[in-house]
Enquirer: 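My structure is below; once you've seen it, I'll send some questions.
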Amino acid sequence: MTTHKNVSDLAVNVLQKIKSSKHISVLTGAGVSAESGVPTFRGEEGLWNNYRAEELATPQAFERDPNLVWRWYDWRRTLLAPLKPNAGHYALSQMENFYDNFTLITQNVDGLHRMAGSKNLVELHGNIWLMRCTAEGTVMENKNTPLVAMPPKCNECGGLLRPHIVWFGESLDEDILTRAFRSAEQCDLFFVIGTSGVVQPAASLASIAKQNGAMVIEINLEPTPISDVADATLLGPSAKVLPGLLNAMQKD
Ligand code: BJW
């Protein structure tokens, strides 16, 4: 593991690889949105410090008490509604224009990457602005905050709606997972940014990229289990490091 504080400290071969790679894959986590004001999950200020995941983010919790789960999501949606992408989100959306093949895989459900203009986006854990009918499986967008009716019901069939989010113990969408794995397997360069690297299967993508010959570069405030796999770890806030990286890419 090699850690750096500044993009300019990266070894010449790493900078060369960043500039010459054709196929880039990026995995982001909650840390990327932290500087927009979105709470992370783990760590001192993390959501899981004040709320129990088993009571709010599992299918069993929703079955037991859909009102409780929806109240938590309503609170989070209301918190997220006024928030805007930060310089890190924008730098990633600009990087997409720089490379022939660029895939942004996010664990975040906040929709900020799309708002920043990222296009080839894989939302691994769903999206907090989408709801799914538990009776028919239909997915619909709903941006109301706060929600008018609690718990929300499907306009078509009256069935109970749930957040279109992957909870613990639930399988990820097969097509979405295939896109993520394929991109990790085929890329030359894999960035892993602002994730604690403890939630599977997302956390395994960096190792898959590495095993298939990619260079792995991590950006985080602190080392994570993924740092052992990474060729270089840039320690710093992504809203500062990513614009610096974009700048370095654009220099001859
Ligand atoms: C900054 C920064 C700044 C801060 N700049 N950086 C194999 C082994 C063991 C367990 C499992 C396994 N396979 C499956 C499991 C079970 C489970 C799992 O992984 N559990 C682990 C916790 C042990 N996985 C699942 O259940 C998944 N399903 C699945 O695999 O299905 C098949 C299966 C099922 C059951 C058994 C076996 C197989 C589904 C996972 C769904 C995750 N869902 C959540 C919650 C959604 C709820 C919601 O949002 O409403 O998704 S959990 C939560 O964690 C959320 C996130 O997307 C995810 C990852 O968190 P992330 O993004 O890494 O955030 P943090 O907070 O952890 O980290 C922030 C990082 O940013 C930190 O490192 C900071 O330092 C850094 N940071 N500010 C840069 N400014």
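For ligands, and for the atoms within them, numbers begin at 1 and follow the listed sequence. What you see is a predicted model, and the numbers here were worked out from it, not measured in a lab.
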Enquirer: Mark up the atoms of ligand 1 that fall under 4.0 Å of a heavy atom belonging to G29, in ascending order.
Expert: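 With G29 as reference, the close atoms of ligand 1 come out as 62 (O).
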
Enquirer: Can you sort out which atoms of ligand 1 are near P201, meaning under 4.0 Å from one of its heavy atoms?
Expert: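 Close to P201: 30 (O).
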
Enquirer: Answer yes or no: is there a donor N or O on one side and an acceptor on the other, between the side chain of R77 and the main chain of I128, under 3.5 Å?
Expert: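 Side chain of R77 to backbone of I128: a pair is present.
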
Enquirer: List for me each residue that meets side chain to side chain contact (heavy atoms under 4.5 Å, CB included) alongside E170, sequence neighbours excluded, and say none if there are none.
Expert: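 Result, side chain to side chain contact (heavy atoms under 4.5 Å, CB included) vs E170: P59, R162, V166, W167.
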
Enquirer: To which of T40, I219, N220, L124 does the heavy atom nearest atom 72 (C) of ligand 1 belong?
Expert: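 Looking at heavy atoms only, N220 sits closest to atom 72 (C) of ligand 1.
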
Enquirer: Within the 4.0 Å heavy-atom shell around E170, which atoms of ligand 1 are there?
Expert: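 Matching atoms, with element in brackets: 27 (C), 28 (N), 29 (C), 31 (O), 39 (C).
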
Enquirer: Could you point out which residue of L189, I105, I193, V122 forms a side chain to side chain contact (heavy atoms under 4.5 Å, CB included) with V26?
Expert: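 It is I193; the other options fail the test.
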
Enquirer: Sequence neighbours left out, cut at 3.5 Å: what donor-acceptor pairs do the side chains of residues 173-182 make with other protein atoms?
Expert:
{"from": "D173", "atom 1": "OD1", "to": "D175", "atom 2": "N", "distance (Å)": "3.0"}
{"from": "D173", "atom 1": "OD1", "to": "I176", "atom 2": "N", "distance (Å)": "3.0"}
{"from": "T178", "atom 1": "OG1", "to": "E174", "atom 2": "O", "distance (Å)": "2.8"}
{"from": "R179", "atom 1": "NH2", "to": "N120", "atom 2": "OD1", "distance (Å)": "3.0"}

Enquirer: I need the contact type for Q107 against ligand 1. Using non-hydrogen atoms and a strict under-4.0 Å cut-off, is it side chain, backbone, both or neither?
Expert: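 Both backbone and side chain of Q107 come within 4.0 Å of ligand 1.
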
Enquirer: Show which atoms of ligand 1 fall inside a sub-4.0 Å distance from at least one heavy-atom site of Y73.
Expert: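 Answer for ligand 1: 47 (C), 48 (C), 50 (O).
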
Enquirer: Can you tell me which portion of E35 lies within the under-4.0 Å heavy-atom range of ligand 1? Options are side chain, backbone, both, or neither.
Expert: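 For E35, the contact with ligand 1 is made by the side chain alone.
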
Enquirer: Which of the atoms of ligand 1 are close to G194, meaning less than 4.0 Å from one of its heavy atoms?
Expert: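 Counting atoms of ligand 1 from 1, those under 4.0 Å from G194 are 6 (N), 69 (C), 70 (C), 71 (O).
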
Enquirer: If the cut-off is 4.0 Å to any non-hydrogen atom of V166, which atoms of ligand 1 fall inside it?
Expert: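 Those qualifying, in numeric order: 39 (C), 41 (C), 42 (C), 43 (N), 46 (C).
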
Enquirer: Would you tell me which option among H125, R76, E123, E222 has the nearest heavy-atom contact to atom 49 (O) of ligand 1?
Expert: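 Residue with the shortest heavy-atom distance to the ligand atom: R76.
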
Enquirer: What residue and atom, counting heavy atoms only, is the protein's closest point to atom 17 (C) of ligand 1, and at what distance?
Expert: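 Atom 17 (C) of ligand 1 sits closest to the protein heavy atom F168 CD2, 3.9 Å.
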
Enquirer: May I ask you to decide if V32's main-chain N or O and N86's side chain share a donor-acceptor pair within less than 3.5 Å?
Expert: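 Side chain of N86 to backbone of V32, a donor-acceptor pair under 3.5 Å: yes, one is there.
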
Enquirer: Report yes or no: is the cationic atom of R76 (NZ for Lys, CZ for Arg) closer than 6.0 Å to the six-membered ring centre of W72, at no more than 45° off its axis?
Expert: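 Yes; both conditions hold, so R76 lies above the ring face of W72.
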
Enquirer: What atoms of ligand 1 come within less than 4.0 Å of a heavy atom belonging to G169?
Expert: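 Within the 4.0 Å cut-off of G169, ligand 1 contributes 25 (C), 26 (O), 34 (C), 35 (C).
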
Enquirer: I need the contact type for I165 against ligand 1. Using non-hydrogen atoms and a strict under-4.0 Å cut-off, is it side chain, backbone, both or neither?
Expert: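 I165 to ligand 1: side-chain contact only, backbone stays beyond 4.0 Å.
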
Enquirer: Where on A34 is there a heavy atom closer than 4.0 Å to ligand 1, on the side chain, on the backbone, on both, or on neither?
Expert: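 Under 4.0 Å from ligand 1, A34 contributes side-chain atoms alone.
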
Enquirer: For ligand 1, which part of V241 has a heavy atom less than 4.0 Å away: the side chain, the backbone, both, or neither?
Expert: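 Within the 4.0 Å criterion, V241 makes no contact with ligand 1.
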
Enquirer: Output yes when a protein non-hydrogen atom is found under 4.0 Å of atom 37 (C) of ligand 1, and no otherwise.
Expert: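 Under 4.0 Å from atom 37 (C) of ligand 1, zero protein heavy atoms found.
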
Enquirer: With a 4.0 Å cut-off, strictly under, does atom 33 (C) of ligand 1 pick up any protein heavy atom?
Expert: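 No.
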
Enquirer: Find all atoms of ligand 1 within a distance of less than 4.0 Å from any non-hydrogen atom belonging to V199, and give their numbers and elements.
Expert: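 Selected atoms, number and element: 19 (O), 40 (C), 42 (C), 54 (O), 58 (C), 59 (C).
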
Enquirer: Identify the protein heavy atom lying closest to atom 24 (N) of ligand 1, giving its residue, its atom name and the separation to 0.1 Å.
Expert: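 Ranking protein heavy atoms by distance from atom 24 (N) of ligand 1, first comes Q200 O, 3.2 Å.
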
Enquirer: Donor-acceptor pair, N247 side chain versus P243 backbone, under 3.5 Å?
Expert: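 Not at all, since once roles are kept as given, no pair shorter than 3.5 Å links the two residues.
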
Enquirer: Would you check the N or O atoms of R42, main chain and side chain alike, for any that come under 3.5 Å of an N or O of ligand 1?
Expert: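 N/O-N/O distance under 3.5 Å: yes.
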
